[in-house]
Student: 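Let me begin by handing over the structure; questions about it come next.
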Amino acid sequence: MQRNHNHTTIVTIEKVIDETPTVRTLIFSDDRMSNVLPGQFAMVWIPGVNELPMSVMISKEPGKAAFTVRKHGPASTGLFNVKEGQQIGIRGPYGNSFDLKEGKLLLVGGGTGLVPMMRLLSFVKSTDDVTVLIGAKSKDEVFFEDLANNMLKNNPHKVIVSTDDGSYGEKGFVTDLVEKLVNESNFDGVYACGPEIMMYKTVRSAHSRNMFVQASLERMMKCGVGICGSCCVGEDLVCRDGTVFDGDHLSSNKEFGHFYRNKAGILEKY
Amino acid sequence: MQRNHNHTTIVTIEKVIDETPTVRTLIFSDDRMSNVLPGQFAMVWIPGVNELPMSVMISKEPGKAAFTVRKHGPASTGLFNVKEGQQIGIRGPYGNSFDLKEGKLLLVGGGTGLVPMMRLLSFVKSTDDVTVLIGAKSKDEVFFEDLANNMLKNNPHKVIVSTDDGSYGEKGFVTDLVEKLVNESNFDGVYACGPEIMMYKTVRSAHSRNMFVQASLERMMKCGVGICGSCCVGEDLVCRDGTVFDGDHLSSNKEFGHFYRNKAGILEKY
Amino acid sequence: MEPSLATSIGQIQLDRPVMLASGILGISLDVFNRLYRSGAGAVVTKSLSTEPWEGYPNPTIFSVKGGGWINAVGLSNPGAPNFAKMIEPNQEVPIVVSLVGSIPEDFEMMIQQFENCKVIAYELNLSCPHVAKVGLEVGDDPELVRKIVTIAKNTTDIPIIAKVGLGTTHYLNTVNTAIDSGIDAITAINTVRAMAIDVETQRPILSNKFGGLSGTPIKPIALRCVYEISSKHDIPIIGCGGVSTWEDAVEFFLAGASAIQLGSAVGNDWIDVFSEINNGILQYMKRKNYSSIKDMVGLAKKS
Amino acid sequence: MEPSLATSIGQIQLDRPVMLASGILGISLDVFNRLYRSGAGAVVTKSLSTEPWEGYPNPTIFSVKGGGWINAVGLSNPGAPNFAKMIEPNQEVPIVVSLVGSIPEDFEMMIQQFENCKVIAYELNLSCPHVAKVGLEVGDDPELVRKIVTIAKNTTDIPIIAKVGLGTTHYLNTVNTAIDSGIDAITAINTVRAMAIDVETQRPILSNKFGGLSGTPIKPIALRCVYEISSKHDIPIIGCGGVSTWEDAVEFFLAGASAIQLGSAVGNDWIDVFSEINNGILQYMKRKNYSSIKDMVGLAKKS
Ligand SMILES: Cc1cc2nc3c(=O)[nH]c(=O)nc-3n(C[C@H](O)[C@H](O)[C@H](O)COP(=O)(O)OP(=O)(O)OC[C@H]3O[C@@H](n4cnc5c(N)ncnc54)[C@H](O)[C@@H]3O)c2cc1C
Ligand SMILES: Cc1cc2nc3c(=O)[nH]c(=O)nc-3n(C[C@H](O)[C@H](O)[C@H](O)COP(=O)(O)OP(=O)(O)OC[C@H]3O[C@@H](n4cnc5c(N)ncnc54)[C@H](O)[C@@H]3O)c2cc1C
Ligand SMILES: Cc1cc2nc3c(=O)[nH]c(=O)nc-3n(C[C@H](O)[C@H](O)[C@H](O)COP(=O)(O)O)c2cc1C
Ligand SMILES: Cc1cc2nc3c(=O)[nH]c(=O)nc-3n(C[C@H](O)[C@H](O)[C@H](O)COP(=O)(O)O)c2cc1C
Ligand code: FES
Ligand code: FES
């Protein structure tokens, strides 16, 4: 089975949705990807451009899946520019997944880190009381707020947006909100995906209060299968041991929240 | 599946039975081989000696199988000399199998050609009326007579031995007996395995009377899987298209009964 | 319009681009006929020598993990004279005669045997052990390659193909020499030297100890060789090594091969493999709107 | 008595005979510690250069049929000086430092960086592109190999291993030269040059077009190399290429290797592969009544 995952499959982009000026969702058909667990990712090949890791986004239609990509460097810009009808290659799914608790849940997502959060939402029970925090720099960069509200319409829920500049929703860092919420009440599960510093603070806030918390890490990835070593964080390989790690484990990792490795593998400070 | 068949498995010879001064049966444990169909064969590696094709002999015990080998050239002598506790390599099973009819059956075997016949006997219905002809040069070389009688003890049956020199059973060539029997009564199925000329005559006798007849051919075999070409008879590859062929098909094959290929692949007359 | 599977390898015209590789089932005219009816575009004979060879004792073939085979049949063959007589009646099948020898004159003598036969090309198997230089193959000696190709070209007007492999010399040097000497096409590649040991009995499995690795494992290597040759030279190429699906065949076309040969796949999928691959190629060509094989040869070099 | 998994490669002593091959996860001391705890007998670092290298853009790795990988990570590495600092704290893990360079002085400079580190050996990766001769690798130039081995031996007393591969020159010549120049051991083999093309988008998949084939497909080739080297030379050998089970490892021992390295298997079976193979070897040794790995090294050559 493992071996088949690793073979590249060519899929055609059927639809492209502009989420923000710099974020797009690209929809394609693929049974395997439509059924991945929250937190799992694919290695996405943009022919002639690059290959990069992408969380697998949900799609409304069965048998379909998507990638939601923010235009950034050359690889992500290449994917961002893929048009309807064009072909890309995918392999995977790779990685483990979030361990979904029941009860009172807190989901914290920033930017495209919301992708695994949306898939996590598709697994919550209708009895769960779910709070979703969406962090963004400014109003322009907010997306998936409606989607989250819509997915939770039958749940007791709150979707709170906070922008650094206060141009939309609450003003301030999303992690300040996290600290406030975990201080006020106990959550059965806290889940984070987004910028490392956001995850680091979220984990610290929840873990210091003995709440179950998990974060899905991002590192430079070349192989996605645990061979090349480029994704290591301390002794963990994000692609294979993660991407999802427990707060417990992360709290003892000396690199999480502080260092990452560049393309040559040199440790650099965040 | 095909690929797994092709991997060599090492088995230990658990028991050696002397059938005649030049024929021995070697018993080993192997689930796959214990369940082969009549006509199927294995490629048998005698480490340090050679590898040769062998019909898979039945064994009384479940999960076991055997080879019954006549000491001849270097390869078969190598196998003949394998002692209890020694290891050999096997791959397969290879080849198709006999198509067992119901009713009045005639089985014609010579020498180690009796091996697939014994396995065929293990599949006959208790209502079948079975005649087994065993051909041999002389008394010394007769084996499996008791086994055949024993296997058929609940059937209407006859086991007839004929020796070329008349030292045991009827005197003469077994093919003369075949001609006599198919002349006297109609058989629903005639099956032959043994020296090519014996099979050739048996097929001719039965096929000319429109009886269903099959023979399991022997040719030089190097690969057993349809690559090397050494086992070809006309346009057929014995290892892959056979070893069992219908009388119909054989009657139109120009080489069957007349020619075989030597180790260099040169056609030689029988 | 239905795309056409026809292809040409220089002067050699084929109805279909999938050939049977040398050494595989290539022993009788009846089998050649059957293979041709089953979809093979041409059949390459076993490599023939001046005299009959018995080859090595068994085991001569071993199946390895990953869908490949190691073989050491030892070039067993009936010899060119016997073989020529056998294929004389042939009218229909496009036969490529594979030849093996250690001195240039061997090739002259053998080609002359086939004067009365319908042969579409000769393929020189350069992976024969070198008589003078122990451990080398014929293809490792540029001077010898030059002489063999020259004598073959001088003996017949029928196209001559050189089949190269990963010997001890860089195969691209052999290709260079063969082209300089007037070769018409290149088949790449032959099997790759390999071995297998049984851990229970603790001995090499093949009677010859070493053998040639073929099938799926060598496909990525063969593909790179075709791409390398076609990037350096303007010579028709036949890709060979590990083809078992239409995708494999198309990869070779895209890398620059005008036709492919296959052998090991027959051991897994039997003779049906030819029509399956032909059909796959045809569907692909329809989808991509190609009218002939030529339309895709070498496309991967453009990117 | 329980058999011992300890082995020696010349002067190099290992607790366990299964090493992590160069380029695989070999980037951080924390990971090295984890691998050692998981059963690796030693870890070989990524091949280090004098300066940091970013390597090629993605795709840098591709999975082929038959359980293999083609990679072209382009020897990305943090550079010897950075790396040396990183492993300075190491006390416990047997680390082999792999080095890559194109001039002999590179190796002198790099080895000096590790003066304060606990390193059990240096492995010279001779599959680095040749700067002067386009298309060649360092290992294809005997004169350069001689100089590199000599300078390395003169710079340190720690054992030096040469890692060879199927370059464009016969690898046995490289082995010869390395031995003549005083090498302590040989690792055979590196990846085999290969490629993959996507039939839909019709382009080579790896950004570098060509890459190195590793894993199951190359095992029979690597095994033959180990057997060939050990048949010709009395030099300690580390077998590398396609090991994924204990049987594979034992095959290499029987062919003449004193230890093995593996890489690709980690991509399939993850880090557990080390303890699984160690256990398998141990069971085998009990069954065959061996007390040490040495008892089986080279046995297949006796038959
Ligand atoms: C598991 C995982 C899931 C991801 N999911 C998404 C997603 O759903 N949507 C999304 O927009 N982005 C996602 N990313 C991030 C994405 O893969 C890219 O890293 C990011 O888009 C920047 O890449 P770039 O090549 O365009 O930028 P570059 O200009 O090439 O690089 C910018 C920075 O990104 C980092 N980077 C480069 N390549 C990679 C790489 N292959 N992996 C990780 N970091 C890299 C480098 O450290 C570099 O400093 C995910 C990353 C991981 C590891
Ligand atoms: C499908 C099949 C099933 C067989 N089953 C049995 C069996 O159950 N018991 C048994 O004793 N024998 C069996 N044989 C015959 C056996 O494989 C050998 O061919 C025979 O024992 C003589 O081999 P040798 O190498 O000892 O003799 P050699 O002295 O090497 O050869 C004697 C003659 O046998 C022929 N021969 C040699 N090698 C082979 C080969 N690999 N395949 C076919 N012919 C060969 C040659 O034409 C040669 O002239 C079977 C053969 C086939 C094809
Ligand atoms: C059993 C066997 C016999 C072979 N004999 C020959 C031969 O006689 N001459 C030759 O040039 N190649 C010979 N080869 C090599 C094949 O022609 C081909 O180059 C190689 O098997 C790679 O193709 P494949 O992977 O499709 O099998 C032989 C291969 C096998 C498996
Ligand atoms: C992703 C990857 C990176 C590699 N990098 C190096 C390297 O830096 N230096 C080196 O000598 N070999 C390198 N190799 C080759 C391996 O060390 C090893 O020789 C080869 O993969 C064969 O072993 P395997 O089949 O067990 O993987 C690399 C292999 C892979 C798959
Ligand atoms: S991305 Fe290569 S080890 Fe994780
Ligand atoms: S034995 Fe090789 S083709 Fe039949």
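Just so we're on the same page: letters track the sequence lines, and every chain starts at 1. Bear in mind that the values here come from a model prediction, so they are computed numbers and not experimental data.
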Student: Based on non-hydrogen pairs under 4.5 Å, which of D:D198, D:L75, D:V199, D:V266 is most in contact with chain A?
Tutor: D:D198
Student: Name the option with the most non-hydrogen atom pairs under 4.5 Å to chain D; the candidates are A:P74, A:G89, A:C223, A:C239.
Tutor: A:C223
Student: Can you tell me how the ring of A:H258 sits relative to the ring of A:Y200, calling it parallel under 30°, perpendicular over 60° and tilted otherwise?
Tutor: perpendicular
Student: Could you tabulate the donor-acceptor pairs under 3.5 Å formed by side-chain atoms of residues 79-87 of chain D, not counting sequence neighbours?
Tutor:
residue: D:N82; atom: ND2; partner: D:P78; partner atom: O; Å: 2.8

Student: Given heavy-atom pairs under 4.5 angstrom as the criterion, report whether the side chain, backbone, both or neither of D:W53 touches chain A.
Tutor: backbone
Student: Between D:R193 and D:E137 (salt bridge meaning N to carboxylate O under 4.0 Å), is one present in this structure?
Tutor: no
Student: Quick check against the 3.5 Å criterion: does A:R261 have a side-chain atom that pairs as donor or acceptor with the backbone of A:M220?
Tutor: no
Student: At a 4.5 Å cut-off on heavy atoms, which part of A:M221 comes close to chain D: side chain, backbone, both, or neither?
Tutor: backbone
Student: Is it true that A:K222 and D:S76 share a donor-acceptor pair across their side chains at a distance under 3.5 Å?
Tutor: yes
Student: Determine the interplanar angle of the A:Y191 and A:F212 rings, folded into 0 to 90°, and report it as parallel if under 30°, tilted if 30 to 60°, perpendicular if over 60°.
Tutor: perpendicular
Student: Is it the side chain or the backbone of A:D236 that comes within 4.5 Å of chain D heavy atoms, both, or neither?
Tutor: both
Student: By the definition side-chain hydrogen bond (donor to acceptor under 3.5 Å, both in side chains), identify the one residue from D:N190, D:N77, D:N125 that meets it with D:S47.
Tutor: D:N125
Student: Using heavy-atom distances under 4.5 Å, tell me whether A:C232 contacts chain D through its side chain, its backbone, both, or neither.
Tutor: side chain
Student: Taking every heavy-atom pair that is under 4.5 Å apart, which of A:T8, A:L52, A:I10 has the most such pairs with chain D?
Tutor: A:I10
Student: So which of D:P52, D:S28, D:S207 has the largest heavy-atom pair count under 4.5 angstrom toward chain A?
Tutor: D:S28
Student: Let's test your reading of the structure: which of D:I61, D:N71, D:I271 forms the most heavy-atom pairs below 4.5 Å with chain A?
Tutor: D:I61
